[in-house]
Asks: 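Once you've had a glance at the structure underneath, I'll fire off some questions.
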Amino acid sequence: MNIELNSKQLLLFFISIITLIFIANCFAVFSEHFLHYPHMKTVIRLFNVDKEMNIPTLYSSCTMIIASLLLGLIARIHFKKHEAYFSWAGLSFIFLFLALDEMAELHEMLVGPVRHSLNTTGILYFAWVIPYAALLALFGLAYCKFLFRLPKQTRNLLILSGITYVSGALVLELIGGKIAEQYGTNALIYAVSYSIEEILEMLGIAFLIYTATTYIGNQFPNLTLKINA
């Protein structure tokens, strides 16, 4: 029996789930700000993308792990073929870390210490963006050569994935920090901000999975997966 994965169908599958999560989140936000029914707290808790340990968090963590596994598989194949693999392995590790961060909210632990140390306000209200932005800059410098050695399609797709993810994870977080400081984290405008932010992050990971599966299909068309007992 052969199990085949179609990159486009896989992307559509993830986009469909993201769409459902977005709709559920919109309902949760509407319920929180306009309905005020006590029995809706469970729905809000389960589907609001800004809450912790709920369905959106589980989805994001799982897709990041899938992306990490696919990137690790690419690294493994290149290693077995005695080709450059370290950059792919590095990407795999990064997204595994991001999955753990998503589950444990590790970056949130940096907000208090960094804010108090640097007295950050405005767009830096969520002060964790400072160390993460520095790491992102280092990542960009380290991976510049790797990126431009890739096939054109893979390079363009990785750039699209990265821009989409960073637009949500960093750029919208900066905007959200300013909104949170000015209007508070319970304001509707802040809910709009974090909703767009989280959806962009999810789309970025979906595009990354599409990129990885497309690369595997193009570069290793005869790849077979064998499980030994």
Asks: For Glu32, check salt bridge (charged side-chain N to carboxylate O under 4.0 Å, His left out) against everything at least two apart and list the hits.
Replies: Lys51
Asks: How long is the span from the CG atom in Leu58 to the CE atom in Met53, to the nearest 0.5 Å?
Replies: 8.5 Å
Asks: Counting heavy atoms not belonging to Phe146, are there more than 12 under 6.0 Å from its CZ?
Replies: yes
Asks: Return the minimal non-hydrogen interatomic distance between Ile44 and Ala28, and the atom names on each side.
Replies: CG1-O, 3.5 Å
Asks: Got Arg149 and Lys145 here, is their nearest side-chain heavy-atom distance under 4.5 Å?
Replies: yes
Asks: Would you kindly confirm whether Leu135 and Leu96 end up in one hydrophobic cluster when ILVMFWY residues are joined by side chain heavy atoms under 4.5 Å apart?
Replies: no
Asks: Please lay out, stage by stage, how Leu11 and Phe207 fare under the test side-chain contact (heavy atoms from CB on, under 4.5 Å).
Replies: CA-CA 7 Å; Leu11 177 61; Phe207 292 152; 3.8 Å; yes
Asks: To the nearest 0.5 Å, how far apart are CD1 in Ile205 and CE in Met202?
Replies: 10.5 Å
Asks: List the atom of Val49, the atom of Asn25, and the distance in Å for their closest heavy-atom pair.
Replies: N-OD1, 3.0 Å
Asks: Count the heavy atoms belonging to other residues, nucleotides or ligands that lie under 6.0 Å from OH of Tyr59, then report whether that count exceeds 12.
Replies: yes
Asks: Roughly how far apart are Ser31 OG and Asn48 CG, rounded to 0.5 Å?
Replies: 10.0 Å
Asks: Given Trp88, which of Tyr143, Phe95, Tyr215, Phe93 fulfils the ring pair (Phe, Tyr, Trp, His ring centres under 6.0 Å) condition?
Replies: Tyr215
Asks: Would you give the length of the straight line joining atom CG of Leu124 to atom CD of Glu173, rounded to the nearest 0.5 angstrom?
Replies: 11.0 Å
Asks: When rounded to the nearest 0.5 angstrom, what distance separates OG1 in Thr154 from CG in Asn218?
Replies: 6.5 Å
Asks: Checking Trp128 against Asp101 for the side-chain contact (heavy atoms from CB on, under 4.5 Å) test, could you report, in this order, the C-alpha distance in whole Å, the side-chain angles of both residues, the deciding distance, and whether it holds?
Replies: CA-CA 12 Å; Trp128 68 265; Asp101 189 337; over 6 Å; no
Asks: Any chance you could lay out the ring-ring contact (aromatic ring centres under 6.0 Å, His included) test for Phe86 and His78, step after step, and finish with the verdict?
Replies: CA-CA 9 Å; Phe86 189 78; His78 281 302; over 10 Å; no
Asks: Rounded to the nearest 0.5 Å, how far does CZ of Phe13 lie from CG of Leu10?
Replies: 7.5 Å
Asks: Would Val192 and Val29 count as a side-chain contact (heavy atoms from CB on, under 4.5 Å) here? Give the steps.
Replies: CA-CA 9 Å; Val192 173; Val29 169; over 6 Å; no
Asks: For residues Tyr194 and Tyr190, establish whether the separation of their ring centroids is below 6.0 Å.
Replies: yes
Asks: Are Lys178 and Ile175 side-chain neighbours, meaning at least one heavy-atom pair lies under 4.5 Å?
Replies: no
Asks: Is any side-chain heavy atom of Met103 less than 4.5 Å from a side-chain heavy atom of Leu100?
Replies: yes
Asks: Give the intermediate values and the outcome of side-chain contact (heavy atoms from CB on, under 4.5 Å) for residues Glu108 and Phe126.
Replies: CA-CA 8 Å; Glu108 295 290 343; Phe126 297 127; 5.5 Å; no
Asks: Check Ala191 against His33 and note the closest heavy-atom contact, atom names and distance.
Replies: CB-CE1, 3.9 Å
Asks: Look at atom OH of Tyr183 and say whether more than 12 heavy atoms of other residues, nucleotides or ligands are closer to it than 6.0 Å.
Replies: no
Asks: Taking a hydrophobic cluster as the set of Ile, Leu, Val, Met, Phe, Trp and Tyr residues connected by side-chain heavy atoms closer than 4.5 Å, whether directly or through intermediates, do Ile23 and Phe47 fall within one such cluster?
Replies: no
